[in-house]
Amino acid sequence: MTYTGDVTPGGPSDVRELPDLTIRKMSVSPMHNNVYLLTCRATGDQLLIDAADDPQRCLTLVAEGTGSLHHLVTTHRHWDHTRALTDVAEATGAVTYAGDLDAEGLPVAPTVRLVDGDRISLGDLSLDVAIVSGHTAASVVLAYRDPTGHAHVFTGDTLFPGGVGATRNDPSQSFDDLYRDVTAKIFDRYDDDTWIYPGHGGDTTLGAERPHLAEWAERGW
């Protein structure tokens, strides 16, 4: 079956098979939060991105892979991305990660506080870490560069189809900061065929979004 990235809360996961990495995506909660499971095909090591809600469903997703969870990354501190974090961390014993400046707002203190330029080893594979400010102080963006294809970038709530993440819900948020970091750390680093996996809703590519950068800057959201 062909991966589309179209998932619904409580529905089945969608699976993308790359030569060295398997990506599973599911949706939880009425807010349509996306949860991603990355599996190194050579070693079976697994990494979960955002235990957002429904801990049993998150654990079922882990079981759809190899059954063990080695890494648990929270993209940012907002409550809708952390509701299952405590339960999934306790059930799996996974190493937990979050952006350094977002760490204090989490229900589980991360084992590893990430900074810009870090890398996370997933079995034989490596994920690049970028820290993006504006939506929160230290939102985590993870990128996998497929040596046989294009890049795959997991953006949390920093980049979506149609624009950057929300910046009007909290006085600490900044559209200017978010637009600057998304441009410099995502659009300037990756080609148009880069696949974007956001924190809510459907996927996109940089090629689909790049023509609209000036429009986003002008409108301010």
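Atoms considered below: every heavy atom in the structure, side chains included; atoms not considered: hydrogens, waters and symmetry mates. The first residue of the sequence shown is numbered 1, and numbering continues consecutively from there.
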Worksheet item: Of all residues at least two apart in sequence or in a different chain, which pass the salt bridge (Lys or Arg N to Asp or Glu O under 4.0 Å) check with Asp100?
Response: Arg113
Worksheet entry | N/O donor-acceptor pair under 3.5 Å between Arg189 side chain and Thr183 backbone | no
Response to the item:
Value for CG (Asp146) from OG1 (Thr194), rounded to nearest 0.5 Å, stands at 11.0 Å
Item to complete: Can you label the angle between the His81 ring and the His76 ring as parallel, tilted or perpendicular, going by 30° and 60°?
Response: tilted
Fill in: Tyr36 side chain vs Pro198 backbone, donor-acceptor pair below 3.5 Å
yes
Worksheet entry | Connected hydrophobic set around Trp221, excluding itself, where side chains approach under 4.5 Å | none
Item to complete: Answer yes if the side chains of Thr22 and Arg16 hold a donor-acceptor pair under 3.5 Å, and no otherwise.
Response: no
Worksheet entry | Glu209 and His212: CA distance, side-chain angles, deciding distance, side chain to side chain donor-acceptor pair (under 3.5 Å) verdict | CA-CA 6 Å; Glu209 306 304 325; His212 305 288; 5.6 Å; no
Practice prompt. Would you check, one step at a time, whether the test side chain to side chain donor-acceptor pair (under 3.5 Å) holds for Thr96 with Thr111?
Written response: CA-CA 5 Å; Thr96 56; Thr111 313; 3.1 Å; yes
Worksheet item: So, are Lys185 and Asp116 salt-bridged, with charged N and O less than 4.0 Å apart?
Response: yes
Counting only pairs under 3.5 Å, give me each side-chain donor-acceptor contact of residues 128-135, with atom names and distances, residues two or more places apart or in other chains.
unit_1 : atom_1 : unit_2 : atom_2 : d
Asp128 : OD1    : Arg119 : NE     : 3.0
Ser133 : OG     : Arg180 : NH2    : 3.4
Ser133 : OG     : Asp181 : OD2    : 3.0
His135 : ND1    : Ala166 : O      : 2.8
His135 : NE2    : His78  : ND1    : 3.1

Practice prompt. Would you check if the side chain of Gln46 reaches a backbone N or O of Ser68 as a donor-acceptor pair within less than 3.5 Å?
Written response: yes
Worksheet item: Could Arg77 and Glu104 be called an ion pair, given the rule that one side-chain N must be under 4.0 Å from one carboxylate O?
Response: no
Discussion item. Pair Asp170, Ser172 - check side chain to side chain donor-acceptor pair (under 3.5 Å), show working.
Written reply: CA-CA 5 Å; Asp170 186 310; Ser172 68; 2.8 Å; yes
Practice prompt. Examine distances only and state if a side-chain atom of Arg145 and a backbone atom of Ala151 form a donor-acceptor pair shorter than 3.5 Å.
Written response: no
Discussion item. Walk me through whether Glu64 and Ser13 qualify under side chain to side chain donor-acceptor pair (under 3.5 Å).
Written reply: CA-CA 9 Å; Glu64 290 176 17; Ser13 60; 2.7 Å; yes
Worksheet entry | Glu218 atom CD: more than 12 heavy-atom contacts under 6.0 Å | no
Item to complete: Indicate the ring-plane relationship of Tyr97 and His71, choosing parallel, tilted or perpendicular according to the 30° and 60° boundaries.
Response: tilted
Worksheet item: Side-chain donor-acceptor pair under 3.5 Å between Thr75 and Asp50, yes or no?
Response: yes
Response to the item:
Output for pair (Cys40 SG, Leu122 CG), nearest 0.5 Å, gives 5.5 Å
